[in-house]
Amino acid sequence: MAKLSIDLKAGKLKDERDVIVGIDLGTTNSLVAYMVNGQAVAVKDAAGKSTLVPSVVHFNADQEVLVGDAAKEKLITDPAHTIYSVKRLMGKSFGDISNFEQYFGYKIIDEDTESLVKIRVADRFFTPIELSAEILKELKRRIEGVLQAPVSKAVITVPAYFNDAQRQATRDAGKLAGLDVLRIVNEPTAASLAYGIGLDQEAEGQKIAVYDLGGGTFDISILSIENGIFEVLSTNGDTFLGGDDFDRAIIDHWLAVNDIPASRIQKDKHLGQTIRLEAERAKKALSTADHYTGSLDDWQITLSREQFETLVTPLVDRTIVACNQALADAGLATSAVDHVVMVGGSTRMPLVKQRVAKCFGREVNAQLNPDEVVALGAAIQADILAGNQQDILLLDITPLSLGIETVGGLMDVIVPRNSKVPAKVGRQYTTSVDGQTNLKIAVYQGERDLVEHNRKLGEFVLRGIPPMPAGLPKIEIHFYLDADGILKVKATELRSNVATEIEIRSQYGISEEDMARMLIDSIQNAQSDMATRALLEARNEANNILLATTKFLVQNKSWLAAAASAEISRLAEELRQATAATDKDAINKAMETLNEYARPLAQDALEKNIAQAMKGEKV
Ligand code: AMP
């Protein structure tokens, strides 16, 4: 299966092996790497300078897209139309991110705390998947420019702590960019592979610590190699700790020694930007030099390595605490770690290398460019999948995604294609109608967003769910896929323990050509499939809001002002009309308008209910 290759343009199967690229889709920067003569190399930009593509997307007034350095410049001149750090939003609902929304300069939409976030740019709404796809398209363009050939397959890395939804979102972004994502690989695993760790027999049982300190985030992962597979034993870190904080420590120091109030750089944006760049320059210089002297107006801009290290020791201390915590969570002593791998631009700092080496009691692996190791390792993983590294065992994988039908005929993938088998995956669902006692579960195989384009494997009904209001039952659906491709699907209502299951032979009656065809179709139709999915999801969300609005008007009739009630009804009617049409942006906009108007009233209703409950009245 793994040797089957597909010519996406021609829609045909090919014999020869084509290039599979490795992609590090990062929070601040992304990059793509590939193998040349058995060696992983990162792709440089057109000027041949940097391998990094800033993970920034800008939309101009004509909705044209800029990605990378050109988009990064717009962060200052046009922040409302420039999206950065989109990786922080992948697979997240608004509820997940509400406590750090203030860090984003652009507009994140919060209709409903459970649905996935959307980003508003002028009158259009984008998902993090669509925005990440723009970054991936830019990487694809770059590598195609270098190779002078189309590239259609990739391995993409994600943080070890990414959950199913975030991994699926990353796969979808690849698909939307025209890439067949052969595997999603953990970043620490890729970094280890870049150092050749895990590529030989002796690796069995070895423990690896991967320390990743970038511009804005810090991650520590402890891995173990078991049966030739990298298992994540524990992860720890801080999503808001990185090189930017080191720069800030220098700025604070310079302001203090020159007696400049911090408010001055807050008011003077230009000065703030200049001093920040100067601080970063000093920090980088001090990774090799003992002393830095710069100039900024008539201020004293000097710093010694010793002073700098004193300033940032508390920050480095925090990373060491996290390392110890990760080790404790993995149940390991520092002496049990066989390799320490350094990732991220900030690990160039000598103090960081020393402290980490001391913590683990061994030399760290820091010879490779710490900005590139993850992409290089992804390219090595791609090479393994291409079958070019003969001595490495390829694990059995499932060739097509498996999932179930959800509201609106959408495919909800439970076991993504290329997952290792045997696999056991579970997910929770609920009912959409009050008092629902039966739930039909239809199982499908394939890569398309609508089940009607996929292959139906079977269906069954979970009966005897005790009648409850919609949304209350907890129905867990488990997929167990064994190494022979036999799929067992089990549904259990957790409150009552009613359960049913079926067994399906997922590979039965399907040829390799059929599978390849399904894959080609999914990539060729990715754009329209995802648009249909977005429209159906917007409609589902709108219908939920309309139901909630009707309930709200009835329950709060006694105190709602007639004018407010009429306005809510009018906005609800507008939403109903938008929902009947096919413009998802119009639906999203109508939802946002209704929500914005109703939010303070819903808050009032909540307070009234609480007050009544305190008086002992039934609400
Ligand atoms: P990353 O997110 O991995 O690209 O890391 C970028 C961070 O690494 C930024 O905060 C940079 O300032 C920092 N960085 C890059 N080069 C150096 C260096 N030579 N010494 C210290 N920090 C550096």
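All values derive from a computational prediction rather than experimental measurement. Counting convention: from 1, in listed order, for ligands and their atoms alike.
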State whether the number of non-hydrogen atoms from other residues, nucleotides or ligands found under 6.0 Å of D62 atom CG is greater than 12.
-> yes
Is the shortest heavy-atom distance from the side chain of N186 to the side chain of R167 under 4.5 Å?
-> yes
One finds that the ligand 1 atoms under 4.0 Å from a non-hydrogen atom of N29 are 4 (O)
Just which atoms of ligand 1 are under 4.0 Å from any heavy atom in M349?
-> 21 (C)
How far is atom 12 (O) of ligand 1 from its nearest protein heavy atom, and which residue and atom is that?
-> E280 OE2, 2.5 Å
With only distance considered, is S346 within less than 3.5 Å of ligand 1 through an N or O on each side?
-> yes
Considering non-hydrogen atoms only, spot the tightest contact between A122 and Q63 and give its length.
-> CB-NE2, 4.2 Å
Nearest protein heavy atom to atom 19 (N) of ligand 1, by residue and atom, and its distance?
-> R348 CD, 3.4 Å
Which atoms of ligand 1 are found less than 4.0 Å from any heavy atom of D371?
-> 1 (P), 3 (O), 4 (O)
Are D69 and K72 ion-paired here, with the side-chain N under 4.0 Å from a carboxylate O?
-> no
G344 heavy atoms, cut-off 4.0 Å: which ligand 1 atoms fall inside?
-> 3 (O)
Protein heavy-atom partner closest to atom 2 (O) of ligand 1 - residue, atom, separation in Å | G215 N, 2.9 Å
Heavy-atom neighbours of E226 CD exceed 12 at 6.0 Å | yes
Atoms of ligand 1 less than 4.0 Å from G214 heavy atoms?
-> 1 (P), 2 (O), 3 (O), 5 (O), 7 (C)
Is the NZ atom of K283 crowded by more than 12 outside heavy atoms at less than 6.0 Å?
-> yes
Worked verdict on S401 versus E447 for side chain to side chain donor-acceptor pair (under 3.5 Å) | CA-CA 6 Å; S401 303; E447 308 311 310; 2.8 Å; yes
Element-labelled atoms of ligand 1 that are located less than 4.0 Å from some non-hydrogen atom of T28 | 2 (O)
Closest candidate by heavy atom, reference atom 3 (O) of ligand 1, pool G242, G345, S287, S55 | G345
Relative to the heavy atoms of K283, which atoms of ligand 1 are at a distance of less than 4.0 Å?
-> 10 (O), 11 (C), 12 (O), 13 (C), 22 (N)
Taking the six-membered ring for Trp and the full ring for Phe, Tyr or His, determine whether the centres of F126 and F59 are under 6.0 Å apart.
-> yes
